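Throughout, protein chains are lettered first and strands after them, A, B, ... in sequence-line order, and every chain is numbered starting at 1. Quick note: numbers below take in every heavy atom, side chains included, and nothing from hydrogens, waters or symmetry partners. Everything numeric in this text was worked out from a predicted model, so none of it was measured.
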Protein chains: 2
Amino acid sequence: MAGTIRKSARRVTAADVAEAAGVSRSAVSRAFTPGSYLDDGKRRAILRAAKRLGYRPNAMAAILQGGASDLVAIFAGEMPNDFDREVAAALVSGLNAIGKWPLVIGGDEATARRALANVLRYPLEAMILRSGSLDEGVAKSCAKLGVPVISSGRILHMPGVDNVCCRNRDGMADMGRLLIEGGRRRVAFVGGPETFWSAGERRLGLVTALHAAGLTLSADAMGAYTVQSGYDAAADLLAGPPFDALVCANDAMAIGALSLLRDRGIPVPEQIAVVGFDDIAMAAWPAFNLTTVRNPIDTLVETVTDLVQRRVETPTKPDETIAIDVSLVCRGTH
Amino acid sequence: MAGTIRKSARRVTAADVAEAAGVSRSAVSRAFTPGSYLDDGKRRAILRAAKRLGYRPNAMAAILQGGASDLVAIFAGEMPNDFDREVAAALVSGLNAIGKWPLVIGGDEATARRALANVLRYPLEAMILRSGSLDEGVAKSCAKLGVPVISSGRILHMPGVDNVCCRNRDGMADMGRLLIEGGRRRVAFVGGPETFWSAGERRLGLVTALHAAGLTLSADAMGAYTVQSGYDAAADLLAGPPFDALVCANDAMAIGALSLLRDRGIPVPEQIAVVGFDDIAMAAWPAFNLTTVRNPIDTLVETVTDLVQRRVETPTKPDETIAIDVSLVCRGTH
DNA sequence: TTGAAAGCGGTACCAT
DNA sequence: ATGGTACCGCTTTCAA
């Protein structure tokens, strides 16, 4: 029987509902527009017919016609560690909560670059940047199209870009002072490549605190913000001159370093202090009990979503750079 | 000067490009359509003008007119543990790689439910389910709209739904046998609430293996797939009759349980074996060295993206249920 | 090879 | 309060 196998059934349109309810298409549109003139009984009848037919207004037509797209892109990068993935997940929930639908772009550079070109064909209300290396290029493409950008992991000095960023330098400077007060004098650092902006900022904060105490960095290693890279970096550093504190640019690497020191039987924090940055959930686990700097994801998400809303409301509002306060979390590894 | 402050500049359209290049709108459209009749010089001129003006075809209009939306929704649920977030991140990358743009829905039930109704106004090519509790309802809504569903964490017996799911029962049965061969006789289990489908399946697999050896489950605790819940569940179980193996429905809980046993000074695996499921990155860390069942994310993503492509190509293709093989990963906790 | 014109499915502005 | 109609920006006939 024809009809039982619906070959990719045509979407139900307002015209279908109008016919079924015996009204005009205009009335159907009004039924779905709160606060529009429409007889209450008629509205109910339309809504009933719509429900029965399974009608949903086609967002494409509504947007094309001039409506809000409610579409926000998140340029998420590779998300190599749990902090990045937690942020992405929280950003998604936060955007959903304010009625915005995130189009997420992730993966390696080549994939993300190709994806960007395609995603920019959709009318985005904002682009949220969380990637490392590609951010400037993405921001430039967005600027050309008038898509507002919110950079949330590094500060981008470009017109049309709002910035949300935690106080990387302050946090690491506080951490440096804590270590110095604790008697540490030979401090090693595990950072990241040039493209990891936050690593550079955090390093700077640490160096500032050291300088103020008449000290310099004892050693400098490069990681990749993953647990494994922290493990490897610690091994490299151990092969060099001795140190009594190991500051890692993020918690993942600190946990990797911690694992290596344990494997080698080096007591933490007695011989070497190990500290991180972010305060991921794992940092609090008894197995690690990591001293770190709390980088609050909930505040980040609130700030970003607020910025999205205000930017959408007032496209011409001046660009903002909002700093998020961090705080020391003293646990057992310093 | 007027023009310096562009009040939310109007998007450049094909008509603008046509005018700039001195051709018709049709020609502009053709210039962006591979394999269409158009003078080569003219095409280059159009492309040049487009680039100069910063033109991108508006996806809304193209889709409305009948083109592919390339939009796929991921109903991701709360993503309470790292495995869920890793899967979501991998799914995003995988979809990007095949030229599909994922609209992600996440967060708590109320938020997700509201989000769903809105996101369904977009013409989705597929809906990927990863949530726990809301899956049936979502699938029903999708069916009504003719949106194909791919369930990737539980098996949904509904028309129009493709299923991808790891062999939960087989994996846990293998694990059960491993423990029995290792001499364990009093096996406790930490599962999840009713809505965690995989917990029930994994429990069933374990029970089957135990029965085959003439054993039954010694104790049954309920977790929530988070590390903390594993920690708490282990504490509860320890208050009851003794056991020599603790099987957790996922790695996060196993790691939590492991932490508690360590806190209590109970030797693992000498006194109690602890095992999990999923083989998250953390399971391999020296700090945990967890015996578990490998649940391969890359295979899952490949299977899902393949299913998306084939479903889009042939909307009428028969529904499929694809099982993903799992394998024991023997480390140090059994 | 090219341009004109008809839709896609909504919304909003008309009169009525 | 209601129905008719123009239009959003694109793709795709159709005729030239």
Open item on the list: At under 4.0 Å between heavy atoms, how does the protein contact nucleotides 7-16 of chain C? Give one character per nucleotide, 5' to 3', with B, S or -.
Closed with: BBBBBBB---
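- For B:Y122 and A:Y122, the ring centers are positioned 6.0 Å apart or more.
- For B:K42, a side-chain nitrogen or oxygen approaches OP1 or OP2 of C:dT2 to under 4.0 Å.
- Side-chain contact between A:R10 and A:D16: present, with at least one pair of heavy atoms (C-beta onward) separated by less than 4.5 Å.
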TODO: List the steps and the verdict of side-chain contact (heavy atoms from CB on, under 4.5 Å) for B:M158 and B:V149.
DONE: CA-CA 10 Å; B:M158 296 172 61; B:V149 172; over 6 Å; no
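- Residues B:T111 and A:S93 have side chains not in contact (no heavy-atom distance under 4.5 Å, counting atoms from C-beta outward).
- Heavy atoms of other residues, nucleotides or ligands lying less than 6.0 angstrom from NZ of B:K317 number more than 12.
- Salt-bridge check for A:D319 with A:R311: passed, with a basic side-chain N closer than 4.0 Å to an acidic carboxylate O.
- By the neighbour-count criterion of 12 heavy atoms within 6.0 Å, atom CZ of A:R43 is densely surrounded, having more than that number from other residues, nucleotides or ligands.
- Think of the region where chain A sits on DNA chain D: with heavy atoms and a 4.0 Å cut, that region ends 5' and 3' at D:dA1 to D:dG9.
- Within the nucleic acid shown, B:L38 comes within 4.0 Å of sugar-phosphate atoms alone, with no base atom in reach, counting heavy atoms only.
- Here B:R310 does not pair with B:D162 in a salt bridge; the nearest charged N to carboxylate O distance is not below 4.0 Å.
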